[in-house]
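What follows is a single structure, written as structure tokens, with notes after it.
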Amino acid sequence: MAKEIKGEDGKNYVVKEKKPWYKRWWVWVIIVIVAIFIAGGALSDDDDDDSDSGSAKTEQTAKKKPASHKKSAKTESSTQSKESKPKESKPKVPEEYKNALATAEEYNEDQPMSKAGLLDQLTSKDGEGFTQAAGEYAVNHIQVNWNENALKCAKEYEKTEHLSRADVQDQLSGSVDDGGEGFTPEQVQYAMDHLPK
């Protein structure tokens, strides 16, 4: 805005009139930024107060809040449940299960067996006599490559028993109850594919 004023020398001068401070754009930008910081600080203070309060205070606050504060109530309850959850402990493994696993590892080092064969050895009366549950725990937790065990068995049969490939395959896939090794068809196929010709 321009304003015309008369100078001391009698001449008219055009002078730009300054805007009042509250009409300047940068003043409003500063006001908006300050308002955002204040609002953000107030929200974070509320969150800090909620997380520091005990569970009783949290429950009281959740009951008093109107429906429009459902999101805050959910946040409080999830914070409370995280704080009150005890650390999950690993289930204690019975001593018999540990012993069955140790025995299974010893058998696996000395002679390669199938999972079914190892389970039978651990649980049969003529074998180790572990309970079925302990035997299953052992064969399910032992670190072993069953395909490699099938291949080792196949090589052993071919070398010491002088069996044909067909007889080796029958022996590997035969049921443990019938005197076979009890390997799965996939494990037998792996062994036969990798058995030197």
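These numbers come from the heavy atoms of this one structure, side chains and all, not from hydrogens, waters or symmetry mates. Along the sequence shown, residues are numbered consecutively beginning with 1.
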Those residues that, when tested against [X], pass side chain to side chain contact (heavy atoms under 4.5 Å, CB included) (two or more places apart):
X	result
N140	K115, E136
I33	V29, F37
E156	T160
E95	K98, N99

Sequence-distant partners of [X], side-chain hydrogen bond (donor to acceptor under 3.5 Å, both in side chains), two or more places apart:
X	answer
Y97	none
D193	Q189
Q169	none
Y137	none

Where do [X] and [Y] come nearest, in terms of heavy atoms and distance?
X	Y	answer
R165	P196	NH1-O, 3.6 Å
A134	A100	O-CB, 3.5 Å
A138	A104	CB-CB, 4.1 Å
T123	G135	CG2-CA, 4.0 Å
L122	V139	CD1-CG1, 4.2 Å

[atom2] on [Y] to [atom1] on [X], rounded to 0.5 Å:
X	Y	atom1	atom2	answer
D167	Y157	CG	OH	11.0 Å
L118	N108	CG	CG	7.0 Å
S175	E181	OG	CD	11.0 Å
Q121	Q111	CD	CD	6.5 Å
D178	D170	CG	CG	12.0 Å
L172	L151	CG	CG	9.0 Å

Subject >> Test item: Q143 and E105 side chains (from C-beta on) under 4.5 Å apart, heavy atoms >> reply: no
Original post:
Are the side chains of V93 and L101 in touch, meaning some heavy atoms are under 4.5 Å apart?
Top reply: no
**OP:** Determine which pairs satisfy ring pair (Phe, Tyr, Trp, His ring centres under 6.0 Å) with at least one residue from residues 113-135, sequence neighbours left out, and list them in order.
**Re:** none
Original post:
Can you list every pair that meets ring pair (Phe, Tyr, Trp, His ring centres under 6.0 Å) and has a residue in residues 160-197, with sequence neighbours left out?
Top reply: Y190-H194
So, does [X] use its side chain to make a donor-acceptor pair with the main chain of [Y] at under 3.5 Å?
X	Y	answer
E96	T131	yes
Q171	G179	yes
N149	M113	yes

Test of understanding: clusters of I, L, V, M, F, W, Y form through side-chain heavy atoms closer than 4.5 Å, transitively. Do [X] and [Y] belong to the same one?
X	Y	value
L163	V188	yes
W28	W26	yes
Y107	W146	yes

